[in-house]
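Remember, predicted model here, so these are calculated numbers, not experimental data.
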2 protein chains.
Amino acid sequence: MSDIPATDARRYHHGDLSRALIDAARRLLEAEGQSALSLRAVAREAGVSPAAPYHHFKDKGELLDAVAQEGWTLLDAALVKAKAEAPDIHQALTELGVAYVCFARDNPALYRVMYDTAREKEALPERMQNGEDNSYSKVRDVLIEAGGDPNDSLDLELATSAAWCSAHGLAEMAGFKQFDHLKDACGGETAFFRAIFNHMGLAPRRR
Amino acid sequence: MSDIPATDARRYHHGDLSRALIDAARRLLEAEGQSALSLRAVAREAGVSPAAPYHHFKDKGELLDAVAQEGWTLLDAALVKAKAEAPDIHQALTELGVAYVCFARDNPALYRVMYDTAREKEALPERMQNGEDNSYSKVRDVLIEAGGDPNDSLDLELATSAAWCSAHGLAEMAGFKQFDHLKDACGGETAFFRAIFNHMGLAPRRR
DNA sequence: CAAGATATCTATGCGGCGTTAAGATAAAGT
DNA sequence: ACTTTATCTTAACGCCGCATAGATATCTTG
């Protein structure tokens, strides 16, 4: 899924330690999971002393913020791709949802860091606010193209939020063993995702 | 929301330390939040030495399991109450959802522990499996009463799972500041919850 | 009731954590 | 060349989860 560069330069002044730390963190996250992501372990992985990160990040939380940022960017890219590849506009919303859940499945630890840091500040990143050309707007635009009323902004926002909540809910649940037999019965994991989304009749009021 | 008894008995042999530890953990969780919930802090709160808990729980995880267990029981009770109070069967599903989200809002740290421990073992508690007279079945039964086909068990399970995912998704998101203005626009928090659930047209195939 | 067995708790210690403070070293500015 | 500044290291503090060994209270059996 990812190619996080390994760091090599081992001179005293590193060159770009913040970058190297973020990469190290993502490498650790992918290889060992969230519980292994200590600041000291990140420093070790990057080949510096335990205190070195503090010259680039105020504390551990700020490093995690940076990691989460990259996560949101990756998720955004996955949604762009999904929309572009959707066969028609009425399936586009489901395909966005499937792409979302697949991202969470393929980057479980990163996905967790993204929402953990968001919960810490009780706010999703700006990218997720109602705005132009961000992740949130991608879902909203699909809803409009599929027949939503662009003038009923409250209803549109509710529909967009509902879609996001649904996708997040499924993303968090899909990993549980309870659903294994349903995945089989549906004929595969993504078929299961689609079936679940079909049961959540996500739509705005019509124009 | 809760009445977690404070422990007093301070004799050498405590009497019921496991009980006292669980209560202490829940008290800490409510007062200080999840990050303050260390095993040592729980022992302090219960008035025993840091190593005492190990005679009643294998490790910290097992204590959290016990706390989570109580959480699921409380959630179950909230759902029973919501179903009993629902005006008619077609609103019952939404009311279950609202009750679910309100539980998460009122017990944020506990709710988090519940899902964190579940994720650790990649499985929700048995209570959540397809079965008789558990939390899962409460949602499923409402879907049947509302017109779902009791014989199409795959579809029923998908619909039940979809409802649960949606509720969980909203529960996790509702705390974010992003939604404050929507809550206002809807005329209150629970009205917002209802509006979101309305946009997720949760239903099984008809009989 | 006495005495040994058992359950429960304390004391101590290990390594790892996040974070801070003080000192070393390399690069940049004058 | 010399100073200044940015960057990194070393060392230390108080927390943490957890393991071990020893103390103390209750239970069991005579």
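Here the P atom of nucleotide D/dT7 and the CG atom of A/L21 are 12 Å apart, to the nearest Å. A straight line from CD of A/E45 to C1' of C/dG16 spans 17 Å, rounded to a whole angstrom. The separation between B/R44 atom CZ and C/dC9 atom C1' is 17 Å, rounded to whole Å.
The salt bridge (Lys or Arg N to Asp or Glu O under 4.0 Å) pairs that include a residue from residues 59-76 of chain A are A/R19-A/E70, A/R26-A/E70, A/D65-A/K121, A/D76-A/K138, where partners are two or more places apart or lie in different chains. Residue pairs satisfying the ring-ring contact (aromatic ring centres under 6.0 Å, His included) criterion with at least one member in residues 117-136 of chain B, sequence neighbours excluded, are absent. Sorted by first and then second residue, the salt bridge (Lys or Arg N to Asp or Glu O under 4.0 Å) pairs with a member in residues 187-202 of chain B read B/E95-B/R194, B/R105-B/E189, B/K183-B/E189; sequence neighbours excluded. For residues 44-69 of chain B, there are no ring-ring contact (aromatic ring centres under 6.0 Å, His included) pairs, not counting sequence neighbours.
Residues from residues 33-42 of chain B with heavy atoms under 4.0 angstrom of DNA chain D, sorted by number: B/S38, B/L39, B/R40. Less than 4.0 Å separates DNA chain C from at least one heavy atom of each of the following residues of residues 51-65 of chain B: B/A51, B/A52, B/H55, B/H56.
Put simply, the side chain of A/S137 never gets that close to the backbone of A/R140: no donor and acceptor are under 3.5 Å apart.
In this structure, a donor-acceptor pair under 3.5 Å is present between the side chains of A/Q34 and A/D116.
A 6.0 Å sphere centred on CD of A/E132 holds no more than 12 heavy atoms belonging to other residues, nucleotides or ligands.
Within the 4.5 Å cutoff, side-chain heavy atoms of B/E157 are placed close to those of B/N130.
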